[in-house]
Structure formats: structure tokens, C-alpha cells
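We name chains A, B, ... by the order of the sequence lines, and we start the count at 1 in each one.
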Amino acid sequence: MSSIAIVTVVSSFLASAVEFVEAVTIVLAVGVTRQWRSTLIGTLAAVTALAVLVVVFGTAIAVLVPIALLRLIVGGFLLIYGLQWLTKSVLRAGGAKARHDEAEIFAREVAALREEPPVPATGMDWISFTVAFKGVLLEGLEVAFIVVTFGASANLLGPAALGAAVAAVVVLLVAALVHRPLARVPENGLKFVVGAMLTTFGTFWAGEGIGISWPESDAAILVLLFAYVALALAGVWAVRTWVAPQGDRAAASAEPR
Amino acid sequence: MRYVRAFGAFWYDFLVGDRWELFLGPIGALLLVRLLVVARVPSDVTGFVLFALVAGVAAASVGSALREAGRPRG
């Protein structure tokens, strides 16, 4: 397996793991609060829909769209998407934005589901089905998007899908074992790494799409990744120094006079 | 019509979200660097310019988010 294929598998695995952790939180909340059977059918239906989307769109895009145009469009999307993840991670790590908390999201989902009509005594509970289907489909669409873009740009649909599939198996196994939201997964840290990776690949492919011949070819990916990570870490430090005075002032005003 | 609007809203939220500059910034950066490529500026320069513009967009967005959150400048 080439180095770019390995990076593709790792990127796809990490990005997918983050999204699957969020999907599992929703599935667990619905299953625990309402009915497991309908929840699992909803989950399975969403996973099937996503697999079809990846195969159909991944293959069609790779076959029909010229590679230079494909890299520009896909690279542009990855760049936009990666920057969103990276900047949010920098703000979270710097303390300027609330961290993603799966336990809190789980509690909120459970509370909302308890206000729904009771589970029918027999047959399908369509509320469980719909909430699980929608949750898994929406979170999974981000995974499908990443797998299709990676697969199409580098002609590596297989490795990208492999990374996502391994992430799904790992997250599902852990969720089945612990049977509660995966709050201990360092989701914010993972988003930081994935954001840097998506931004890197986005810059590289979109750059190729507009006609840049990167010096040292694929090795430029590692240089870009290192540079983005270094800048993002500097950004975290800058945000912390920006945020800290507010905390100091709040503490000072709370002191007894 | 409701589904079309919901479909549009989903993609808007997916790509633009609450930070429009992270959508328009990279597009502007790519357009600008494309002009440099057409003007036959060497690839190592255009590559660096693209990286610097993207990093600048990210920094501006983080700064804008901090200002909107009402944080002091220190």
C-alpha cells in the first residue's frame, strides 16, 4: 500500500470515527429510551442508504468527471470542510467555544424522546425508526462525503471505504461493550487532527486542480500537514491568551471586597 | 417545495454553516492563485501563496468568532 493510500485510510478512519461516535450517541439514546428493534432497523436502513450513496456517487464521479476538474471541486469542498473543523477545534481547544460533550447530548436526546408518545405495545415504533434513521443518515453523510471525495480525488475509493468501515466496526464494538455514550473518546482532539488532514488534502488537490505542480509531488502533503498543524497549535495558544484575561477579570470581580 | 427548501438548507448548513468566510475565503484564494498560475508564476511560489491565503482565511475566521463572542483583546 502506497504512503498516500495509508494516509487516506487513516484520515478516513479518524473522520469516520468522530461521526460514528456522534451517531452511536443518538442510537443509544433512542434504543435505551424507546425500543431497540425499531431503532436497529432504522440504523440498518440508514447504513444501507449510505453504502449505496458511496458506491453510486463514488464510482459515477470518478468515471464521469475529468480528473483536473474533479480535484478542483473535491479539493475545494475538502478545504472548506476541513477549515470548518480546524477553526472550531482551535476555538474549543483555546477555551472560546464549548467542547463537544457526548454525555450531555445523550441526556438531551433522552429528555426529548421521553416527551414523545409512548411506544406501541406491538409492531414497529416509527419514532425510534425515524430518529435513528435520521441521526445515522445525517452523521453518516459527512462520512460518505469524505469517503467519496478521498476516493474520487486519489482514485482510492477502496482504502477510504476501508478506513470508514474499520471505524464503524471499532465504534460499534466499543459501544456494544460499554453500552453508554462514548464520552471518553477524545472527540475534540480527533476533530483537530482530521480538520488539519482535510485542509491539507483540500489545499493539495484544489492546488493541483488550478494548475499548481507541487514541489516534491506527494511529499508536499506532509509539508502542508506539518505547517497547518503548527499554525493551528499557534492559534490555540493565541486564543488562550485572548480568552484568559476575561477569566481573570471574572475571578477578580467574584472576590469578596 | 418544502423538500426543495429543506434540501437547500441542509447543503447551506453543510457547506457554509455559521461562518460564511470559510466558504467564500478558500474560493477567493483559489481564484487568486489561479490568476498567478495563468501568469506563469513558479509553482513553489503559487503553492506557498495558496497555503498562506488559506491560513489567513482561517486566522481571520477565528479572530471574527472571538470578536463575535465578545472576548476582550487582552
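- Put simply, CG on A/L91 and OG on B/S61 are 7.5 Å apart, with the number rounded to the nearest 0.5 Å.
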Step-by-step side chain to side chain contact (heavy atoms under 4.5 Å, CB included) determination, B/L50 to A/W214: CA-CA 11 Å; B/L50 179 60; A/W214 292 97; 4.2 Å; yes
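- You'll find the side chain of A/Y228 reaches within 4.5 Å of the side chain of B/V54, heavy atoms only.
- Two residues are said to be in side-chain contact when any heavy atoms from C-beta on lie closer than 4.5 Å; A/L231 and B/F51 meet this criterion.
- Heavy atoms of A/L138 lying under 4.5 Å from chain B belong exclusively to its side chain.
- The minimum heavy-atom distance linking B/A58 with A/T87 is given by the pair O-CG2, 3.8 Å.
- With a 4.5 angstrom heavy-atom cutoff, A/T199 touches chain B only via side-chain atoms.
- Top candidate by heavy-atom pairs under 4.5 Å with chain B, chosen from A/G207, A/A227, A/A234, is A/A227.
- Between A/L83 and B/P26 the shortest heavy-atom distance is CD1-CG, 3.6 Å.
- Heavy-atom distances place both the backbone and the side chain of B/R34 under 4.5 Å from chain A.
- Between B/V37 and A/I210, the shortest heavy-atom distance links the atoms CG1-O, 3.5 Å.
- Across B/S43 and A/G211, no two heavy atoms sit closer than the pair OG-O, 4.4 Å.
- Remark: A/F77 CZ is loosely packed, at most 12 non-hydrogen atoms of other residues, nucleotides or ligands lying under 6.0 Å away.
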